Each structure stands twice: as C-alpha cells, then as structure tokens.
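Please read the structure below before turning to the comments.
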Amino acid sequence: MSWPSDPREDSHYLDEVIERTRAAVRDLRQAERRIAEVDGVGEAADGLIRARAGGHGVLRGLHLDPRALRLDPRVLGAEVTEAIRLAQEAAVERTGEIVAEATARVGALPEPLDETFVRHRMESATRDLYAGGL
C-alpha cells in the first residue's frame, strides 16, 4: 500500500492505515492469547516421566510415575531433565509457529506516515502552486 498520488485521497488512505493497524493489533493480541494457551509436552524414561511447559517455556507440570522412583538417582535426574527439555522444545516450536503467523499478517502494514509523507505533500503542493502561475 503506497501513498495516494492525489492529496484528496489522503483521508481514505489514513482510514485504511488506521484500520490495518487496528487489525494488526488485534492479530498480535490474539497471538499473545494463543501463546498463553500453548502446552508443550515431553516424556522420558519410556513415558514414566512427563513434563508440561507453557508458551514462554515455563514448566507447568511434572508427573513421575511411582515406578520412575526406582531408577538410579542420577538416571532419574537425567530423565527428568530430558522430559523438561522436550516439553520446552515443543512449547517453543508451537510458539514460533504462532509468532510466524502473526508476523506474516503484521508485515502487510502500510508505509509509516512520517516526515517523508508530509514532505512529499508539501513538495506536491508547492509544485501545484507554481504550475498555477502564482
């Protein structure tokens, strides 16, 4: 979406910019909610240990089947660590997908209205004034 060539269309252009920006903010908020709902799961020790991690990688839960407690303490520690790592990886992967989707939608925003836009309009108005013989 580029600036309109006719300054009389600026109002319509600005309305579009505002609407697209609002849509982008809605998409980002929706992505934020979806990330909060992410639940990555990781298992280790043949399913005896199960971990859950949220969209930001924070551990949400850890379940140890009582049979897992029969493992050597070092092995148990390594298996718990593995289950947590797998859960966090699953959560990060899903979060990455959500972020990529949101970024693709937000990436379609129009050019920002900055001093370049104002300068362009002023130069255009000056040319129009001179062309009119003022």
Side-chain angles (χ1 to χ4, degrees):
M1 179 178 187
S2 60
W3 300 326
S5 57
D6 186 347
R8 292 174 290 193
E9 296 175 14
D10 284 354
S11 176
H12 176 69
Y13 176 79
L14 292 173
D15 288 342
E16 276 190 60
V17 168
I18 290 168
E19 183 50 42
R20 286 186 181 193
T21 303
R22 285 181 179 153
V25 170
R26 280 192 302 268
D27 287 346
L28 290 173
R29 286 186 179 146
Q30 180 184 16
E32 186 176 42
R33 285 190 296 275
R34 290 175 60 203
I35 289 170
E37 295 171 359
V38 167
D39 196 34
V41 176
E43 292 185 355
D46 296 323
L48 296 177
I49 302 169
R50 182 179 173 107
R52 291 179 34 248
H56 297 288
V58 175
L59 185 64
R60 287 188 175 163
L62 180 65
H63 174 75
L64 298 171
D65 184 291
R67 293 175 292 171
L69 300 177
R70 296 181 192 146
L71 295 171
D72 175 85
R74 288 185 198 144
V75 172
L76 177 61
E79 294 294 328
V80 167
T81 301
E82 179 67 5
I84 292 170
R85 185 186 64 75
L86 291 171
Q88 289 173 326
E89 282 181 1
V92 165
E93 182 177 335
R94 181 62 190 127
T95 297
E97 293 168 0
I98 293 168
V99 168
E101 292 168 10
T103 301
R105 288 191 302 268
V106 171
L109 285 174
E111 291 182 52
L113 297 176
D114 57 9
E115 73 278 354
T116 307
F117 177 77
V118 174
R119 185 175 32 252
H120 174 73
R121 281 294 175 245
M122 292 299 292
E123 289 170 357
S124 177
T126 302
R127 278 192 308 274
D128 290 347
L129 284 172
Y130 283 122
L134 294 178

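Because only heavy atoms are used, hydrogens play no part in the values below, and waters and symmetry mates are left out as well, while side chains stay in. This one's a predicted model, so the numbers in the text were calculated from it and none came from an experiment.
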Verify same cluster id: Ile49, Ile84 (apolar side-chain graph, 4.5 Å) | yes
Can you name the closest pair of heavy atoms from Ala87 and Ala51 and give their distance?
-> CB-O, 3.5 Å
Give the minimum heavy-atom separation between Ala91 and Gly54, together with the two atoms involved.
-> CB-O, 3.1 Å
Which residues pass the side chain to side chain donor-acceptor pair (under 3.5 Å) test with [X], sequence neighbours left out?
{"X": "Arg85", "result": "Glu82, Glu89"}
{"X": "Glu101", "result": "Arg34"}
{"X": "Glu19", "result": "Arg26"}

Interatomic distance, CG@Asp27 vs CZ@Arg20, rounded to 0.5 Å, equals 12.5 Å
How far does OG1 of Thr103 sit from CD1 of Ile98, to the nearest 0.5 angstrom?
-> 11.5 Å
Show every donor-acceptor pair shorter than 3.5 Å between a side-chain atom in residues 71-80 and any protein atom, with sequence neighbours excluded, or say none if there are none.
unit_1: Asp72; atom_1: OD2; unit_2: Arg74; atom_2: N; d: 3.0
unit_1: Glu79; atom_1: OE1; unit_2: Ala45; atom_2: N; d: 2.8

Under 4.5 Å between side-chain heavy atoms, chaining through other members, with only Ile, Leu, Val, Met, Phe, Trp and Tyr counted: pull out the rest of the cluster around Val25, sorted by chain and number.
-> none
For residues 35-43, which side-chain N or O atoms pair as donor and acceptor with protein atoms under 3.5 Å away, sequence neighbours left out?
unit_1: Asp39; atom_1: OD1; unit_2: Arg52; atom_2: NE; d: 3.2
unit_1: Asp39; atom_1: OD2; unit_2: Arg52; atom_2: NE; d: 3.1
unit_1: Glu43; atom_1: OE2; unit_2: Arg50; atom_2: NH1; d: 2.8

Go through the structure and list residues passing side chain to side chain contact (heavy atoms under 4.5 Å, CB included) with Glu32, not counting sequence neighbours.
-> none
Only pairs under 3.5 Å count here: list side-chain donor-acceptor contacts from residues 61-70, not counting sequence neighbours, and write none if there are none.
unit_1: Asp65; atom_1: OD1; unit_2: Arg67; atom_2: N; d: 2.8
unit_1: Asp65; atom_1: OD1; unit_2: Arg67; atom_2: NE; d: 3.0
unit_1: Asp65; atom_1: OD2; unit_2: Arg67; atom_2: NH2; d: 3.1

Would you find more than 12 non-hydrogen atoms of other residues, nucleotides or ligands less than 6.0 Å from Asp15 atom CG?
-> yes
